[in-house]
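In what follows, a structure is listed as structure tokens, so that the remarks can point back to it.
Counting convention: from 1, in listed order, for ligands and their atoms alike.
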Amino acid sequence: MEVLIPADRIQRRIDELGRQIQHDYAAQPITIVGVLTGSLIFLADLVRRLDLPLRIALIQASSYRGATTTPGALRIQADLVPDLRGRHVLLLDDILDTGQTLSHLIRHLETLEPISLRIAVLLRKLGRQSIPLEPHYCGFEIPDRFVVGYGLDYNDEYRHLPHIAVLPTPS
Ligand code: XMP
């Protein structure tokens with residue numbers, strides 16, 4: 001598979017994001033809410049760069065099956081989200097594509113009354129967004145290709161790759 005973003009570049013960018021997040025929250029306690037399953041590797045690498053009072057929570061939102069770009073029904077499972085009232089919350093996802101998933105999650109998390117809610121994404125696909133939404137932290141902007149690796153999957157495979165690769169389109 002074509003490597004779009006090599007592993008060392010991802011790690012250097014996460015260093016930068018970590019420094020920026022650490023600076024912006026200025027020692028305030030935060031809860032990082034990772035979106036399952038795609039954000040797991042990003043979450044694990046990012047939190048180890050943060051010297052902040054920090055809690056980790058997980059939320060599940062699934063809208064896609066396989067490499068299709070047609071969103072199915074979005075399901076949110078929030079059983080693993082603790083009380084967020086009075087917390088600064090950073091919602092972390094692997095990729096911002098149309099924006100449907102994050103906008104649903106934002107609406108859901110806002111009902112839990114955090115002090116603040118910010119968004120961090122590792123990737124942002126250009127030319128696909130249909131819901132206006134500006135992430136506060138973004139790792140990389142990428143072209144409109146289906147990518148895997150570093151948490152992102154095709155049929156639950158390839159998540160363990162240390163780099164981001166482009167999934168070949170079937171001929
Ligand atoms: P939306 O359109 O709601 O999509 O912003 C976000 C979710 O769609 C999945 N997605 C991808 N997963 N490679 C993947 O492995 C991709 O290129 C891709 N594009 C979208 C992903 O689950 C993301 O959270």
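- Checked by atom type and distance alone, the side chain of H23 never pairs as donor or acceptor with a backbone atom of R19 at under 3.5 Å.
- Atoms of ligand 1 lying under 4.0 Å from any heavy atom of T98, numbered from 1 in the order shown and given with element: 1 (P), 2 (O), 3 (O), 5 (O).
- Looking at ligand 1, you won't find any N or O of V148 less than 3.5 Å from one of its N or O atoms.
- A distance-only check finds no donor-acceptor pair linking the side chain of S39 to the backbone of L36 [under 3.5 Å].
- Residue-level proximity to ligand 1 for K125 is carried by the side chain, the only part with a heavy atom below 4.0 angstrom.
- The environment of CG in D8 is crowded: more than 12 heavy-atom neighbours from other residues, nucleotides or ligands sit within 6.0 Å.
- Distances from atom 24 (O) of ligand 1 to the heavy atoms of T101, I164, D94 put D94 nearest.
- Distance alone, capped at 3.5 Å, is enough to place a donor-acceptor pair between the Q129 side chain and the L133 backbone.
- No N or O atom of L102 sits closer than 3.5 Å to an N or O atom of ligand 1.
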Listing, residues 112-123 side-chain donor-acceptor contacts under 3.5 Å, not counting sequence neighbours, or none:
residue, atom, partner, partner atom, Å
E113, OE1, R85, NE, 3.4
S116, OG, H88, ND1, 2.7
R118, NH1, Y137, OH, 2.8

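- In this model, no donor atom of one side chain and acceptor atom of the other lie less than 3.5 Å apart for T98 and R128.
- Close contacts of ligand 1 with L152, meaning ligand atoms under 4.0 Å from a residue heavy atom, involve 12 (N), 13 (N), 14 (C), 15 (O).
- Contacts with ligand 1 closer than 4.0 Å are made by side-chain heavy atoms of D93 only, the backbone lying farther away.
- Close contacts of ligand 1 with V147, meaning ligand atoms under 4.0 Å from a residue heavy atom, involve 13 (N), 14 (C), 15 (O), 16 (C), 17 (O).
- Of all the atoms in ligand 1, the ones that sit under 4.0 Å from a non-hydrogen atom of R145 are 17 (O).
- Partner of I95 under the side chain to side chain contact (heavy atoms under 4.5 Å, CB included) criterion, chosen from I142, I164, L102: I142.
- Residue pairs meeting the salt bridge (charged side-chain N to carboxylate O under 4.0 Å, His left out) criterion with at least one member in residues 33-49, sequence neighbours excluded: D15-R49, D45-R48.
- Residue H104 places no heavy atom under 4.0 Å from ligand 1.
- Residue contacts with ligand 1 include G99, since one or more of its heavy atoms lies under 4.0 Å from the ligand.
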